[in-house]
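Remarks on the structure that follows.
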Amino acid sequence: MYRHLESRLAESVRDFLRRTYQLEIAAVVIEQPPKIEFGEYALPIAFELARKLRKPPRKIAEEIVAGIGPVAGIEKFEIAGAGYINVRVKRAEIAAALAADQAPAAAVPPGKVLVEHSSINPNKAAHIGHLRNAILGDTFVRLLRFAGREVDIQNYIDNTGVQVADVVVGFLYLEEKSRGQIEALAAAPRFDFYCWDLYARVSQWYEQDKQNLQTRAAVLHAIEEGNNEIAAIADLISTAVLKRHLETMDRLDIEYDFLPRESEILHLHFWDAAFTKLKEAGVLTYETEGKNKGCWIMRRAGTALTTEGPSASLRAGSGDTEETKISEEDQKVIVRSNGTVGYVGKDIAYHMWKFGLLGRDFGYLKFFRYPNQHDCWISTTDGEKEHPHFGDVAEIYNVIDARQAEAQNTVVEALRGLGHGEAADRYTHFSYEMVALTPRCAAELGYDLSEEDKARSWIEVSGRKGFGVKADDLLDALIASARKEVDSRHPELSEAERASTAAQIAIGALRYFMLKYTKPSVIAFDFEDALSFEGETGPYTQYAVVRATNIFRKGGFDPDSFCAASPVSTEDFAKYLAGPEGDEIWGLWIAAAKTSYVVGQCIATTEPAYLAKHTFQLAQLFNTFYHRFPILSEADEGRKKFLLTTVAVVRRELMRILAAMGITVPAVM
RNA sequence: GCGCCCUUAGCUCAGUUGGAUAGAGCGUCUGGCUACGAACCAGAAGGUCGGGAGUUCGAAUCUCUCAGGGCGCGCCA
């Protein structure tokens with residue numbers, strides 16, 4: 001609603017400037033006045049135009065206000081200060097539309113969106129860093145779907161890499177387990193935890209004697225080769241760990257549609273197809289001298305001497321004749337001198353497939369059925385005939401931490417070099433910073449800290465050292481903590497009700513915690529902060545909804561149908577939304593009207609934290625309102641109906657935005 | 001050395017395209033439960049927005065520079 005009004009306002013201003021001053025303004029800046037009494041929108045445009053029109057801002061503001069004419073939904077324009085134009089909306093009209101939940105349809109861009117997230121190495125338990133990735137990715141998916149987009153969720157599985165090889169080495173050479181023994185372990189609960197410890201031991205074993213690395217090389221080679229006992233064991237381990245990851249993420253209500261695996265990138269020869277095209281386009285060049293002699297190389301992203309458009313396209317078109325030699329340090333090896341392809345090369349092939357540019361496809365098998373009956377598919381060489389159509393999408397978002405920015409940019413540059421500039425432009429590296437531990441948290445986990453480490457604001461987790469907080473452990477701790485509160489507050493509830501309430505609160509706390517920080521901020525994890533249910537937390541926002549629901553329950557009304565069943569007249573809206581008290585309540589209405597506006601901002605900036613902040617602010621405004629205005633005891637029936645309508649609308653919008661963050665609200669808390 | 005990111009209240013962080021007196025949570029202090037349940041609310045204290053220069057009517061926000069911190073830069077993934 002808010003978003004719709006804003007764009008209509010911007011359009012009117014643009015029209016006015018065009019017909020009055022023959023000016024074309026690309027983006028009309030619209031902001032919010034510091035106080036709701038000033039209006040809902042503020043236009044600083046007169047300042048911007050002062051120089052251009054060589055008139056004082058106030059004069060321009062006067063001309064705009066006098067000449068802009070009526071705008072639907074807008075009450076009036078006022079000049080404030082040196083030239084601000086404050087805009088007041090027709091409160092009653094807007095409120096009536098909101099109460100009726102009449103959201104104007106927004107235009108949805110065509111084409112499917114692919115979001116890749118999680119992509120956890122299937123060799124050990126998921127940890128808090130993976131949780132940030134999955135929660136960011138899953139929330140972004142929900143935001144896109146909220147905005148009407150069709151989305152495919154993919155989770156890339158590197159099942160043939162060194163990390164899986166390391167755990168295979170652990171089972172076969174440190175523990176000397178048979179295939180049968182490994183199978184038995186893999187079927188036991190929390191096999192991923194077992195691998196977590198084993199992986200750390202293998203890393204130590206390598207440290208003890210570098211000779212041991214040869215064992216890794218041999219195992220890795222066998223895995224990549226396929227069709228042998230070691231490869232079969234690697235597959236059973238990685239598949240079992242992968243299932244555990246899916247179970248862990250399902251606890252947070254995070255699901256995937258398709259799991260492309262590296263083994264199929266290899267066995268279906270995706271790389272061969274990509275390699276041919278990359279050579280033809282001159283993206284890859286064969287190095288004949290220096291340290292990378294015998295390799296196929298590419299210019300590392302961000303190292304080009306000139307980045308201007310014309311020279312870039314000239315380079316792409318005319319091949320390598322004008323290409324200056326890439327200096328050794330700017331070279332990125334894509335194919336090694338022994339003929340094997342590296343990680344970036346496989347990623348290029350995978351991304352060509354994502355955009356439907358490779359000319360090959362995976363085989364597909366049903367892999368995992370969620371409790372809600374949704375099927376998650378996995379790649380295979382020879383799959384089922386009937387399967388959904390994956391890939392071939394219009395836009396992609398890769399939720400991958402900031403450390404991989406350069407590799408991601410290299411993939412984008414490869415696409416550009418292949419002549420797929422449009423695809424490259426619709427490739428977004430959804431970059432975020434890592435989750436580290438506070439020194440205090442590290443100490444709690446029994447990690448020995450140097451004096452230097454103690455002085456740091458955070459310490460990086462390390463899978464190799466087995467140092468970190470496992471996702472399932474954190475969830476268990478959150479649920480236990482929430483359960484204690486629920487037990488003491490609601491002894492009357494059944495065991496099952498208390499368990500599900502605690503789980504909802506725990507998930508709300510965790511998801512909000514991971515979303516409240518903006519992406520470039522390193523999260524220094526601490527149990528005390530993460531286990532908090534007060535202040536700026538998920539449970540605070542859930543509690544606001546519970547309170548709203550309680551009002552309806554105690555009053556004997558149904559919150560979902562209340563607005564439709566007993567509509568407030570436009571006259572009454574006008575009456576109760578006027579004056580200082582009306583201003584106060586209107587602030588809550590206007591915040592509740594911003595859902596799609598904020599969602600749009602989050603998508604445009606790939607920043608879900610804005611939604612978390614907004615949710616908290618809306619909950620906070622509601623809590624203040626809740627204290628200021630007793631509702632059930634209100635004697636004036638008309639006013640009571642208005643106040644209940646206010647609560648119903650806020651509750652509805654809060655539940656919507658929480659759902660977009662993957663947070664549900666318990667019946668009581 | 002090159003590239004990317006960060007530096008805002010005691011602590012942890014917001015501040016989206018430059019805009020009206022720089023915000024929140026936690027912590028500290030003072031108040032508020034006869035309940036639409038206090039997982040809450042009201043109030044107080046707390047900031048030369050890392051330093052400097054520039055652009056602008058206007059800068060936490062843009063540019064340059066200096067300082068401090070992080071990450072990346074492998075024939076690993």
Side chain of A:E406 - closest among B:C73, B:A20, B:C36: B:C73
Distance below 4.0 Å between A:Y156 side-chain N/O and B:A77 OP1 or OP2: no
Sugar-phosphate, base or nothing in reach of A:K293, heavy atoms under 4.0 Å: base
A:Q404 CD - B:C5 C1' separation (whole Å): 16 Å
Sugar-phosphate, base or nothing in reach of A:D166, heavy atoms under 4.0 Å: nothing
Flag if over 12 foreign heavy atoms under 6.0 Å of CD, A:E528: no
Spacing of A:Q32 atom CD relative to B:G15 atom C1', expressed in whole Å: 12 Å
Integer angstrom distance from the C1' of B:U34 to that of B:C11: 39 Å
Nucleotide-resolved protein contact map, nucleotides 57-62 of chain B, B/S/- at heavy-atom distance under 4.0 Å: B-----
C1' gap between B:A22 and B:G31, integer Å: 27 Å
Sugar-phosphate, base or nothing in reach of A:E460, heavy atoms under 4.0 Å: sugar-phosphate
Student check: side-chain heavy atoms of A:I79 and A:E62 closer than 4.5 Å: yes
Letter per nucleotide, 5' to 3', of nucleotides 38-45 of chain B [B base touched, S only sugar-phosphate touched, - untouched; heavy atoms, 4.0 Å]: SBBSS---
Closest to the A:F616 side chain, choosing from B:A20, B:G25, B:U21: B:G25
Value in whole Å for how far the P atom of B:C4 lies from CD of A:E413: 14 Å
Protein-nucleotide distance (A:I36, atom CD1; B:A20, atom P), rounded to Å: 16 Å
Under 4.0 angstrom between A:R403 side-chain N/O and B:C4 OP1 or OP2: no
Sugar-phosphate, base or nothing in reach of A:S337, heavy atoms under 4.0 Å: base
Whole-Å distance separating the CD1 atom of A:I523 from the P atom of B:G25: 20 Å
Length of the line joining A:W458:CH2 and B:U7:P, which is rounded to integer Å: 11 Å
Same-atom distance (P) from B:C71 to B:C13, integer angstrom: 15 Å
Sugar-phosphate, base or nothing in reach of A:F629, heavy atoms under 4.0 Å: base
Mutual orientation of the aromatic rings belonging to A:F622 and A:F625 [parallel < 30°, tilted 30-60°, perpendicular > 60°]: tilted
Options B:C75, B:A20, B:C36, nucleotide nearest the side-chain atoms of A:V333: B:C75
Mutual orientation of the aromatic rings belonging to A:F557 and A:F562 [parallel < 30°, tilted 30-60°, perpendicular > 60°]: perpendicular
Plane angle bin for A:F275 and A:W271 - parallel if under 30°, tilted between 30 and 60°, otherwise perpendicular: parallel
